[in-house]
Amino acid sequence: MTTGTLKPSKEKKSRKSKRAVVVNEKSPLLPTKKHEADGGFDEFDGASFSGAVFNLSTTIVGAGIMALPATMKILGLVVGIAMIIFMAFLTEASIELLLRYSRTSKSASYAGLMGDAFGKYGRMLIQLCVIVNNVGVLVVYMIIIGDVLSGTTSSGIHHAGVLEAWFGQHWWNGRFVILLFTTLAVFAPLASLKRIDSLGYTSALSVALAIVFLVITVGITVFKLISGTVLMPRLFPNVTDLTSFFNLFTVVPVLVTAYICHYNVHSIDNELEDNTQIKPVVRTALSLCSSVYILTSLFGFLLFGDATLDDVLSNFDTDLGIPYSSLLNDVVRVSYAAHLMLVFPIVFYPLRINLDGLLFPSARPLNSDNLRFASLSIGLIAVVFLGANFIPSIWDAFQFTGATAAVCIGFIFPAAVALRDRYGIATKRDKILCIFMIVLAIFSSAVAIYSDTYALFKKNPTQRE
(Lines give C-alpha, C1' and ligand atoms only; values in the text may rest on other atoms or scores of the structure.)
Protein backbone atom coordinates (compact mmCIF):
# COMPACT_ATOMS: atom_id res chain seq x y z
CA MET A 1 0.00 0.00 0.00
CA THR A 2 1.35 3.42 -0.90
CA THR A 3 1.17 6.63 1.11
CA GLY A 4 -0.87 8.40 -1.52
CA THR A 5 -4.26 10.05 -1.05
CA LEU A 6 -6.68 7.84 0.82
CA LYS A 7 -10.15 8.31 2.19
CA PRO A 8 -10.34 9.23 5.85
CA SER A 9 -12.15 6.01 6.70
CA LYS A 10 -9.29 3.99 5.33
CA GLU A 11 -6.71 6.05 7.18
CA LYS A 12 -8.51 5.49 10.43
CA LYS A 13 -8.35 1.71 10.16
CA SER A 14 -4.71 1.15 9.33
CA ARG A 15 -1.56 2.74 10.66
CA LYS A 16 0.27 1.60 7.53
CA SER A 17 -1.52 4.23 5.48
CA LYS A 18 -0.67 7.24 7.64
CA ARG A 19 1.25 10.15 6.13
CA ALA A 20 4.25 11.71 7.80
CA VAL A 21 3.06 13.41 10.96
CA VAL A 22 3.05 17.19 11.16
CA VAL A 23 4.28 18.25 14.59
CA ASN A 24 1.94 20.49 16.57
CA GLU A 25 0.49 20.53 20.04
CA LYS A 26 -2.01 17.79 19.14
CA SER A 27 0.69 15.46 17.86
CA PRO A 28 2.21 12.78 20.08
CA LEU A 29 5.47 13.84 21.65
CA LEU A 30 7.13 10.89 19.92
CA PRO A 31 6.24 9.97 16.34
CA THR A 32 3.86 7.07 15.89
CA LYS A 33 6.32 5.41 13.52
CA LYS A 34 10.04 5.58 12.99
CA HIS A 35 11.00 7.65 10.00
CA GLU A 36 13.96 7.06 7.83
CA ALA A 37 16.09 9.92 6.61
CA ASP A 38 14.22 10.02 3.28
CA GLY A 39 10.88 10.50 5.03
CA GLY A 40 9.66 6.94 4.55
CA PHE A 41 8.83 4.34 7.15
CA ASP A 42 10.96 1.50 8.38
CA GLU A 43 9.90 -2.10 8.81
CA PHE A 44 7.65 -1.34 11.84
CA ASP A 45 4.07 -1.76 10.58
CA GLY A 46 2.22 -1.37 13.86
CA ALA A 47 1.77 -3.16 17.16
CA SER A 48 -0.35 -6.29 17.45
CA PHE A 49 -3.49 -6.67 19.57
CA SER A 50 -1.76 -9.02 22.02
CA GLY A 51 1.28 -6.74 22.29
CA ALA A 52 -0.97 -3.76 23.06
CA VAL A 53 -2.89 -5.75 25.69
CA PHE A 54 0.35 -6.85 27.39
CA ASN A 55 1.77 -3.29 27.36
CA LEU A 56 -1.42 -1.80 28.84
CA SER A 57 -1.76 -4.63 31.37
CA THR A 58 1.85 -4.10 32.42
CA THR A 59 1.14 -0.39 32.86
CA ILE A 60 -1.80 -1.23 35.14
CA VAL A 61 -0.41 -4.15 37.17
CA GLY A 62 2.56 -2.57 38.84
CA ALA A 63 3.33 -2.02 42.49
CA GLY A 64 -0.30 -1.21 43.38
CA ILE A 65 -1.13 -4.90 43.55
CA MET A 66 1.21 -5.33 46.52
CA ALA A 67 -0.78 -2.82 48.60
CA LEU A 68 -4.23 -4.18 47.71
CA PRO A 69 -4.29 -6.93 50.38
CA ALA A 70 -3.67 -4.19 52.95
CA THR A 71 -6.76 -2.36 51.67
CA MET A 72 -8.79 -5.49 52.47
CA LYS A 73 -7.57 -5.18 56.07
CA ILE A 74 -9.22 -1.74 56.20
CA LEU A 75 -12.33 -2.29 54.07
CA GLY A 76 -13.01 -5.98 54.65
CA LEU A 77 -13.26 -8.53 51.83
CA VAL A 78 -16.79 -7.74 50.64
CA VAL A 79 -16.43 -3.97 50.43
CA GLY A 80 -12.81 -4.23 49.25
CA ILE A 81 -13.55 -6.52 46.30
CA ALA A 82 -16.61 -4.45 45.40
CA MET A 83 -14.41 -1.34 45.30
CA ILE A 84 -11.89 -3.06 42.99
CA ILE A 85 -14.68 -3.92 40.54
CA PHE A 86 -16.20 -0.43 40.82
CA MET A 87 -12.84 1.21 40.09
CA ALA A 88 -12.40 -0.99 37.00
CA PHE A 89 -15.71 0.22 35.52
CA LEU A 90 -14.95 3.82 36.43
CA THR A 91 -11.52 3.54 34.78
CA GLU A 92 -13.01 2.13 31.59
CA ALA A 93 -15.52 4.99 31.48
CA SER A 94 -12.81 7.64 31.91
CA ILE A 95 -10.61 6.07 29.20
CA GLU A 96 -13.60 5.92 26.85
CA LEU A 97 -14.07 9.67 27.32
CA LEU A 98 -10.39 10.27 26.57
CA LEU A 99 -10.50 8.21 23.37
CA ARG A 100 -13.77 9.70 22.13
CA TYR A 101 -12.63 13.29 22.54
CA SER A 102 -9.17 12.48 21.18
CA ARG A 103 -10.74 11.11 17.98
CA THR A 104 -13.03 14.12 17.62
CA SER A 105 -10.28 16.68 18.24
CA LYS A 106 -7.70 14.65 16.26
CA SER A 107 -5.40 14.73 19.30
CA ALA A 108 -2.82 11.94 19.33
CA SER A 109 -1.72 12.39 22.95
CA TYR A 110 -3.21 13.13 26.37
CA ALA A 111 -1.28 16.41 26.43
CA GLY A 112 -2.65 17.30 23.00
CA LEU A 113 -6.21 16.64 24.17
CA MET A 114 -5.77 18.82 27.27
CA GLY A 115 -4.18 21.50 25.09
CA ASP A 116 -7.15 21.37 22.72
CA ALA A 117 -9.63 21.70 25.59
CA PHE A 118 -7.82 24.13 27.89
CA GLY A 119 -4.94 25.59 25.91
CA LYS A 120 -1.25 25.70 26.76
CA TYR A 121 -1.77 25.60 30.51
CA GLY A 122 -4.00 22.54 30.27
CA ARG A 123 -1.30 20.71 28.34
CA MET A 124 1.35 21.72 30.87
CA LEU A 125 -0.84 20.66 33.79
CA ILE A 126 -1.36 17.10 32.53
CA GLN A 127 2.34 16.78 31.73
CA LEU A 128 3.22 17.89 35.26
CA CYS A 129 0.75 15.43 36.78
CA VAL A 130 2.11 12.53 34.71
CA ILE A 131 5.63 13.44 35.83
CA VAL A 132 4.66 13.53 39.53
CA ASN A 133 2.60 10.33 39.30
CA ASN A 134 5.15 8.29 37.37
CA VAL A 135 8.10 9.41 39.47
CA GLY A 136 6.12 8.34 42.54
CA VAL A 137 5.20 4.99 41.00
CA LEU A 138 8.79 4.26 39.95
CA VAL A 139 10.02 5.17 43.43
CA VAL A 140 7.55 2.60 44.78
CA TYR A 141 8.93 -0.02 42.37
CA MET A 142 12.46 0.59 43.63
CA ILE A 143 11.33 0.52 47.27
CA ILE A 144 9.68 -2.87 46.77
CA ILE A 145 12.72 -4.26 44.95
CA GLY A 146 14.90 -3.03 47.81
CA ASP A 147 12.52 -4.58 50.38
CA VAL A 148 12.53 -7.92 48.56
CA LEU A 149 16.26 -8.21 47.98
CA SER A 150 17.68 -6.32 50.98
CA GLY A 151 14.94 -6.47 53.61
CA THR A 152 12.88 -3.87 55.45
CA THR A 153 11.95 -2.90 59.01
CA SER A 154 8.29 -2.29 59.95
CA SER A 155 7.03 -1.41 63.47
CA GLY A 156 10.38 -2.38 64.92
CA ILE A 157 10.34 -5.81 63.26
CA HIS A 158 12.99 -6.58 60.65
CA HIS A 159 11.88 -8.58 57.60
CA ALA A 160 14.93 -10.13 55.96
CA GLY A 161 15.43 -9.75 52.23
CA VAL A 162 16.17 -12.67 49.90
CA LEU A 163 19.89 -11.92 49.55
CA GLU A 164 20.21 -11.26 53.27
CA ALA A 165 18.56 -14.62 54.04
CA TRP A 166 20.84 -16.45 51.59
CA PHE A 167 24.19 -14.85 52.36
CA GLY A 168 23.77 -12.88 55.59
CA GLN A 169 24.28 -9.12 55.97
CA HIS A 170 27.09 -7.69 53.85
CA TRP A 171 27.87 -4.30 52.37
CA TRP A 172 27.15 -5.56 48.85
CA ASN A 173 23.59 -6.69 49.61
CA GLY A 174 22.56 -3.51 51.39
CA ARG A 175 19.68 -1.50 49.93
CA PHE A 176 21.82 1.26 48.39
CA VAL A 177 24.22 -1.09 46.58
CA ILE A 178 21.47 -3.44 45.38
CA LEU A 179 19.38 -0.59 44.00
CA LEU A 180 22.43 0.97 42.37
CA PHE A 181 23.30 -2.32 40.65
CA THR A 182 19.68 -2.89 39.55
CA THR A 183 19.52 0.63 38.16
CA LEU A 184 22.69 0.31 36.12
CA ALA A 185 22.27 -3.30 34.99
CA VAL A 186 18.49 -3.48 34.38
CA PHE A 187 16.68 -0.14 34.41
CA ALA A 188 19.15 1.86 32.33
CA PRO A 189 19.30 -0.60 29.37
CA LEU A 190 15.51 -1.06 29.25
CA ALA A 191 14.90 2.68 29.58
CA SER A 192 17.10 3.29 26.53
CA LEU A 193 14.52 1.74 24.18
CA LYS A 194 12.84 4.47 22.12
CA ARG A 195 9.61 2.77 21.06
CA ILE A 196 7.05 1.32 23.44
CA ASP A 197 6.24 -1.61 21.15
CA SER A 198 9.86 -2.74 21.61
CA LEU A 199 8.82 -3.65 25.15
CA GLY A 200 6.07 -6.06 24.05
CA TYR A 201 8.06 -9.21 24.90
CA THR A 202 9.27 -7.90 28.25
CA SER A 203 5.67 -6.89 29.03
CA ALA A 204 4.45 -10.42 28.27
CA LEU A 205 7.17 -11.84 30.53
CA SER A 206 6.29 -9.39 33.32
CA VAL A 207 2.61 -10.40 33.17
CA ALA A 208 3.67 -14.07 33.32
CA LEU A 209 5.79 -13.36 36.41
CA ALA A 210 2.85 -11.60 38.08
CA ILE A 211 0.72 -14.67 37.37
CA VAL A 212 3.44 -16.91 38.90
CA PHE A 213 3.21 -14.81 42.07
CA LEU A 214 -0.59 -15.10 42.05
CA VAL A 215 -0.67 -18.87 41.41
CA ILE A 216 1.75 -19.60 44.25
CA THR A 217 -0.14 -17.32 46.65
CA VAL A 218 -3.46 -18.99 45.75
CA GLY A 219 -1.89 -22.45 46.11
CA ILE A 220 -0.46 -21.70 49.56
CA THR A 221 -3.77 -20.25 50.76
CA VAL A 222 -5.82 -23.18 49.44
CA PHE A 223 -3.43 -25.64 51.15
CA LYS A 224 -3.83 -23.81 54.46
CA LEU A 225 -7.60 -23.61 54.02
CA ILE A 226 -7.77 -27.37 53.56
CA SER A 227 -5.57 -27.91 56.60
CA GLY A 228 -7.81 -25.56 58.62
CA THR A 229 -5.11 -23.07 59.59
CA VAL A 230 -6.66 -19.98 57.98
CA LEU A 231 -8.74 -17.77 60.27
CA MET A 232 -12.06 -16.26 59.22
CA PRO A 233 -11.26 -12.92 57.54
CA ARG A 234 -13.00 -9.64 58.21
CA LEU A 235 -15.80 -9.21 55.66
CA PHE A 236 -16.76 -5.61 56.38
CA PRO A 237 -14.91 -2.55 57.71
CA ASN A 238 -14.68 -2.03 61.45
CA VAL A 239 -16.10 1.48 61.97
CA THR A 240 -16.33 2.52 65.62
CA ASP A 241 -15.98 6.30 65.48
CA LEU A 242 -15.50 9.20 63.08
CA THR A 243 -11.73 8.68 62.90
CA SER A 244 -12.11 5.04 61.83
CA PHE A 245 -14.68 6.14 59.23
CA PHE A 246 -12.29 8.69 57.73
CA ASN A 247 -9.56 6.06 57.77
CA LEU A 248 -11.55 4.08 55.18
CA PHE A 249 -10.77 6.78 52.61
CA THR A 250 -7.01 6.21 52.93
CA VAL A 251 -7.45 3.24 50.57
CA VAL A 252 -8.74 5.48 47.77
CA PRO A 253 -5.29 6.68 46.58
CA VAL A 254 -4.09 3.05 46.49
CA LEU A 255 -7.11 1.92 44.44
CA VAL A 256 -6.77 4.90 42.09
CA THR A 257 -3.07 4.28 41.55
CA ALA A 258 -3.73 0.59 40.91
CA TYR A 259 -5.71 1.40 37.76
CA ILE A 260 -3.88 4.44 36.39
CA CYS A 261 -2.82 3.70 32.81
CA HIS A 262 -4.32 6.72 31.00
CA TYR A 263 -0.94 8.27 30.23
CA ASN A 264 0.01 5.26 28.08
CA VAL A 265 -3.28 4.74 26.23
CA HIS A 266 -2.44 7.20 23.45
CA SER A 267 1.07 5.82 22.97
CA ILE A 268 -0.31 2.30 22.61
CA ASP A 269 -3.14 3.52 20.37
CA ASN A 270 -0.69 5.39 18.12
CA GLU A 271 1.35 2.24 17.54
CA LEU A 272 -1.57 -0.15 16.91
CA GLU A 273 -1.68 -1.48 13.37
CA ASP A 274 -5.49 -1.24 13.53
CA ASN A 275 -6.43 1.55 15.90
CA THR A 276 -10.11 0.55 15.92
CA GLN A 277 -8.95 -2.19 18.31
CA ILE A 278 -8.01 0.18 21.11
CA LYS A 279 -11.34 -0.17 22.97
CA PRO A 280 -11.18 -4.00 22.97
CA VAL A 281 -7.55 -3.68 24.07
CA VAL A 282 -8.60 -1.51 27.03
CA ARG A 283 -11.46 -3.84 28.02
CA THR A 284 -9.29 -6.94 27.77
CA ALA A 285 -6.47 -5.40 29.80
CA LEU A 286 -8.85 -4.11 32.49
CA SER A 287 -10.61 -7.49 32.74
CA LEU A 288 -7.30 -9.32 33.07
CA CYS A 289 -5.92 -6.92 35.65
CA SER A 290 -9.14 -6.79 37.69
CA SER A 291 -9.13 -10.58 37.92
CA VAL A 292 -5.52 -10.55 39.11
CA TYR A 293 -6.30 -7.79 41.62
CA ILE A 294 -9.32 -9.58 43.08
CA LEU A 295 -7.51 -12.91 43.45
CA THR A 296 -4.40 -11.29 44.94
CA SER A 297 -6.43 -9.24 47.43
CA LEU A 298 -8.63 -12.18 48.41
CA PHE A 299 -5.95 -14.82 48.88
CA GLY A 300 -3.30 -12.43 50.19
CA PHE A 301 -5.62 -11.24 52.97
CA LEU A 302 -6.84 -14.79 53.68
CA LEU A 303 -3.24 -15.91 54.04
CA PHE A 304 -2.00 -13.18 56.40
CA GLY A 305 -5.18 -11.65 57.89
CA ASP A 306 -4.66 -8.65 60.16
CA ALA A 307 -0.89 -9.21 59.98
CA THR A 308 -0.92 -8.12 56.31
CA LEU A 309 1.71 -5.43 55.75
CA ASP A 310 1.47 -2.40 53.46
CA ASP A 311 3.73 -4.29 51.04
CA VAL A 312 2.43 -7.87 51.19
CA LEU A 313 5.69 -9.18 49.73
CA SER A 314 7.33 -8.37 53.07
CA ASN A 315 5.05 -10.98 54.68
CA PHE A 316 6.75 -13.72 52.69
CA ASP A 317 9.77 -13.95 55.00
CA THR A 318 8.43 -16.26 57.70
CA ASP A 319 7.52 -19.93 57.99
CA LEU A 320 4.14 -20.29 56.30
CA GLY A 321 3.48 -23.64 57.93
CA ILE A 322 3.61 -25.63 54.70
CA PRO A 323 6.19 -27.88 53.02
CA TYR A 324 8.97 -26.04 51.15
CA SER A 325 7.88 -22.77 52.77
CA SER A 326 11.29 -21.14 52.44
CA LEU A 327 11.60 -22.03 48.75
CA LEU A 328 8.09 -20.79 47.93
CA ASN A 329 8.73 -17.55 49.83
CA ASP A 330 11.81 -16.88 47.74
CA VAL A 331 10.09 -17.75 44.45
CA VAL A 332 7.19 -15.40 45.24
CA ARG A 333 9.42 -12.48 46.16
CA VAL A 334 11.99 -12.91 43.41
CA SER A 335 9.35 -13.41 40.68
CA TYR A 336 7.55 -10.21 41.61
CA ALA A 337 10.74 -8.22 41.98
CA ALA A 338 11.63 -9.36 38.44
CA HIS A 339 8.13 -8.35 37.31
CA LEU A 340 8.64 -4.82 38.61
CA MET A 341 12.02 -4.57 36.92
CA LEU A 342 10.33 -5.31 33.58
CA VAL A 343 7.42 -2.94 34.28
CA PHE A 344 9.82 -0.07 35.01
CA PRO A 345 10.45 0.95 31.35
CA ILE A 346 6.72 0.91 30.52
CA VAL A 347 6.09 3.58 33.16
CA PHE A 348 9.36 5.37 32.45
CA TYR A 349 8.50 5.82 28.74
CA PRO A 350 5.62 8.35 29.21
CA LEU A 351 7.50 10.00 32.09
CA ARG A 352 10.38 10.90 29.79
CA ILE A 353 8.04 11.99 26.97
CA ASN A 354 6.02 14.31 29.20
CA LEU A 355 9.07 15.88 30.84
CA ASP A 356 10.51 16.53 27.40
CA GLY A 357 7.23 18.06 26.25
CA LEU A 358 7.12 20.28 29.32
CA LEU A 359 10.73 21.48 29.05
CA PHE A 360 11.15 21.49 25.26
CA PRO A 361 7.69 21.95 23.70
CA SER A 362 9.02 23.21 20.37
CA ALA A 363 12.01 20.91 19.98
CA ARG A 364 12.33 18.20 17.34
CA PRO A 365 11.08 14.67 18.25
CA LEU A 366 12.87 13.24 21.25
CA ASN A 367 13.98 10.01 19.56
CA SER A 368 15.89 11.98 16.93
CA ASP A 369 17.96 13.87 19.51
CA ASN A 370 20.24 11.38 21.27
CA LEU A 371 21.80 13.94 23.62
CA ARG A 372 18.44 15.18 24.90
CA PHE A 373 17.13 11.60 25.13
CA ALA A 374 20.14 10.44 27.16
CA SER A 375 20.19 13.53 29.42
CA LEU A 376 16.51 13.23 30.34
CA SER A 377 16.82 9.49 30.90
CA ILE A 378 19.85 9.79 33.18
CA GLY A 379 18.36 12.68 35.15
CA LEU A 380 15.02 10.95 35.75
CA ILE A 381 16.59 7.63 36.74
CA ALA A 382 18.81 9.50 39.23
CA VAL A 383 15.78 11.23 40.81
CA VAL A 384 13.90 7.93 41.15
CA PHE A 385 16.97 6.24 42.63
CA LEU A 386 17.40 8.96 45.27
CA GLY A 387 13.68 8.93 46.12
CA ALA A 388 13.73 5.16 46.69
CA ASN A 389 16.59 5.53 49.17
CA PHE A 390 14.89 8.24 51.25
CA ILE A 391 11.14 7.43 51.21
CA PRO A 392 10.49 4.79 53.89
CA SER A 393 7.24 3.10 52.80
CA ILE A 394 5.25 2.37 49.65
CA TRP A 395 2.07 3.41 51.48
CA ASP A 396 3.49 6.92 51.97
CA ALA A 397 4.32 7.21 48.26
CA PHE A 398 0.93 5.85 47.19
CA GLN A 399 -0.90 8.26 49.48
CA PHE A 400 0.90 11.26 47.98
CA THR A 401 0.71 10.38 44.28
CA GLY A 402 -2.69 8.67 44.47
CA ALA A 403 -4.42 11.56 46.23
CA THR A 404 -2.92 14.23 43.96
CA ALA A 405 -1.57 13.52 40.48
CA ALA A 406 -3.12 10.06 39.92
CA VAL A 407 -6.67 11.14 40.69
CA CYS A 408 -6.30 14.08 38.28
CA ILE A 409 -4.93 11.91 35.46
CA GLY A 410 -7.49 9.15 35.89
CA PHE A 411 -10.72 10.97 36.61
CA ILE A 412 -10.69 14.74 37.06
CA PHE A 413 -9.05 15.66 33.73
CA PRO A 414 -11.06 13.26 31.50
CA ALA A 415 -14.27 14.48 33.17
CA ALA A 416 -13.21 18.12 32.79
CA VAL A 417 -12.58 17.61 29.05
CA ALA A 418 -16.07 16.13 28.61
CA LEU A 419 -17.70 18.92 30.62
CA ARG A 420 -15.80 21.50 28.56
CA ASP A 421 -17.31 19.70 25.53
CA ARG A 422 -15.84 21.88 22.77
CA TYR A 423 -17.42 19.72 20.07
CA GLY A 424 -20.88 19.24 21.58
CA ILE A 425 -20.71 15.43 21.69
CA ALA A 426 -21.33 14.86 25.42
CA THR A 427 -24.65 13.27 26.35
CA LYS A 428 -26.63 14.03 29.49
CA ARG A 429 -25.43 10.70 30.90
CA ASP A 430 -21.82 11.70 30.18
CA LYS A 431 -22.17 14.96 32.07
CA ILE A 432 -23.78 13.30 35.08
CA LEU A 433 -21.00 10.69 35.13
CA CYS A 434 -18.33 13.40 34.85
CA ILE A 435 -19.76 15.43 37.71
CA PHE A 436 -19.94 12.25 39.81
CA MET A 437 -16.29 11.39 39.01
CA ILE A 438 -15.02 14.86 39.89
CA VAL A 439 -17.00 15.13 43.15
CA LEU A 440 -16.05 11.60 44.23
CA ALA A 441 -12.38 12.11 43.34
CA ILE A 442 -12.02 15.46 45.11
CA PHE A 443 -13.96 14.42 48.23
CA SER A 444 -12.20 11.06 48.62
CA SER A 445 -8.75 12.53 48.07
CA ALA A 446 -9.38 15.41 50.49
CA VAL A 447 -10.55 13.03 53.23
CA ALA A 448 -7.61 10.67 52.54
CA ILE A 449 -5.12 13.53 52.84
CA TYR A 450 -6.80 14.71 56.06
CA SER A 451 -6.76 11.18 57.53
CA ASP A 452 -3.11 10.63 56.68
CA THR A 453 -2.10 14.01 58.09
CA TYR A 454 -4.09 13.38 61.28
CA ALA A 455 -2.53 9.92 61.68
CA LEU A 456 0.95 11.35 61.15
CA PHE A 457 0.52 14.03 63.80
CA LYS A 458 -1.10 11.54 66.17
CA LYS A 459 1.97 9.27 65.87
CA ASN A 460 4.36 12.19 66.45
CA PRO A 461 2.68 14.54 68.95
CA THR A 462 5.98 16.05 70.04
CA GLN A 463 6.54 17.49 66.56
CA ARG A 464 3.57 19.81 67.03
CA GLU A 465 5.11 21.63 69.96
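This chain uses plain numbering: 1 for the first residue, then up along the sequence. These numbers come from a predicted model, not from an experiment. Hydrogens, waters and symmetry mates are skipped; everything else that's a heavy atom, side chains included, is used.
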For the side chain of [X] and the backbone of [Y], is there at least one donor-acceptor N/O pair under 3.5 Å apart?
{"X": "Asn389", "Y": "Phe385", "answer": "yes"}
{"X": "His339", "Y": "Leu209", "answer": "no"}
{"X": "Ser192", "Y": "Pro189", "answer": "yes"}
{"X": "Asp421", "Y": "Ala426", "answer": "yes"}
{"X": "Arg352", "Y": "Leu376", "answer": "no"}
{"X": "Arg420", "Y": "Ala117", "answer": "yes"}
{"X": "Asp306", "Y": "Lys73", "answer": "no"}
{"X": "Thr71", "Y": "Leu68", "answer": "yes"}
{"X": "Thr308", "Y": "Gly305", "answer": "yes"}
{"X": "Ser335", "Y": "Val332", "answer": "yes"}

Could you go step by step and tell me if Ser290 and Ile85 meet the side-chain contact (heavy atoms from CB on, under 4.5 Å) rule?
CA-CA 7 Å; Ser290 298; Ile85 297 172; over 6 Å; no

Measuring from [X]:[atom1] to [Y]:[atom2], what's the distance to the nearest 0.5 Å?
{"X": "Leu248", "Y": "Met83", "atom1": "CG", "atom2": "CE", "answer": "10.0 Å"}
{"X": "Cys129", "Y": "Asn354", "atom1": "SG", "atom2": "CG", "answer": "10.0 Å"}
{"X": "Leu149", "Y": "Thr182", "atom1": "CG", "atom2": "OG1", "answer": "6.0 Å"}
{"X": "Met87", "Y": "Ser94", "atom1": "CE", "atom2": "OG", "answer": "8.5 Å"}
{"X": "Ser325", "Y": "Asp330", "atom1": "OG", "atom2": "CG", "answer": "9.5 Å"}
{"X": "Leu163", "Y": "Ser150", "atom1": "CG", "atom2": "OG", "answer": "6.5 Å"}

Going through the checks in order, is the salt bridge (Lys or Arg N to Asp or Glu O under 4.0 Å) test met by Asp430 and Arg100?
CA-CA 12 Å; Asp430 290 334; Arg100 193 195 321 167; 2.7 Å; yes

Considering non-hydrogen atoms only, spot the tightest contact between [X] and [Y] and give its length.
{"X": "Met142", "Y": "Ala388", "value": "CB-CB, 3.3 Å"}
{"X": "Leu272", "Y": "Val281", "value": "CD1-CG2, 4.4 Å"}
{"X": "Phe301", "Y": "Pro69", "value": "CD1-O, 4.1 Å"}
{"X": "Ile381", "Y": "Ala188", "value": "CD1-CA, 4.1 Å"}
{"X": "Val148", "Y": "Ala337", "value": "CG1-CB, 4.0 Å"}
{"X": "Ala416", "Y": "Phe118", "value": "O-CZ, 3.5 Å"}

State, without any angle test, whether Asp116 and Tyr101 hold a side-chain donor-acceptor pair at a distance under 3.5 Å.
no

Distance-only side-chain donor-acceptor flag, Asn329 / Ser326, under 3.5 Å
no

Residue pair [X] / [Y], side-chain heavy-atom distance below 4.5 Å:
{"X": "Val135", "Y": "Leu351", "result": "yes"}
{"X": "Ile84", "Y": "Met72", "result": "yes"}
{"X": "Phe411", "Y": "Thr91", "result": "yes"}
{"X": "Phe187", "Y": "Pro345", "result": "no"}
{"X": "Met114", "Y": "Val417", "result": "yes"}
{"X": "Leu99", "Y": "Ile278", "result": "yes"}
{"X": "Leu138", "Y": "Tyr141", "result": "yes"}
{"X": "Leu190", "Y": "Phe344", "result": "no"}

Derivation and outcome, side-chain hydrogen bond (donor to acceptor under 3.5 Å, both in side chains), residues Asn270 and Ser267
CA-CA 5 Å; Asn270 291 335; Ser267 297; 5.4 Å; no

Quick one: list whatever passes side chain to side chain contact (heavy atoms under 4.5 Å, CB included) with Leu419, sequence neighbours left out.
Lys431, Cys434, Ile435, Ile438

Only residue of Arg283, Arg429, Lys279 satisfying salt bridge (charged side-chain N to carboxylate O under 4.0 Å, His left out) with Glu96 is Lys279

Residues in ring pair (Phe, Tyr, Trp, His ring centres under 6.0 Å) with [X], at least two apart?
{"X": "Tyr259", "answer": "Tyr293"}
{"X": "Phe299", "answer": "none"}
{"X": "Phe304", "answer": "Phe316"}
{"X": "Phe245", "answer": "Phe249"}

Go through the steps to decide whether Ile95 and His262 satisfy the test side-chain contact (heavy atoms from CB on, under 4.5 Å), and finish with yes or no.
CA-CA 7 Å; Ile95 292 175; His262 304 63; 3.6 Å; yes

Would Lys428 and Leu433 satisfy side-chain contact (heavy atoms from CB on, under 4.5 Å), going step by step from the backbone distance to the final call?
CA-CA 9 Å; Lys428 184 178 180 181; Leu433 175 64; over 6 Å; no

Run the numbers on Leu358 and Ile131 for side-chain contact (heavy atoms from CB on, under 4.5 Å), then give the verdict.
CA-CA 10 Å; Leu358 186 65; Ile131 292 167; 3.8 Å; yes

Could you name each residue pair satisfying side-chain hydrogen bond (donor to acceptor under 3.5 Å, both in side chains) that touches residues 215-230, not counting sequence neighbours?
Ser227-Thr229

Please work out whether the ring planes of Phe436 and Phe86 are parallel, tilted or perpendicular, with thresholds of 30° and 60°.
perpendicular

Decide if the gap between the ring center of Tyr110 and the ring center of Tyr263 is smaller than 6.0 angstrom.
no

Cationic N near anionic O, under 4.0 Å, Asp269 to Arg103
yes

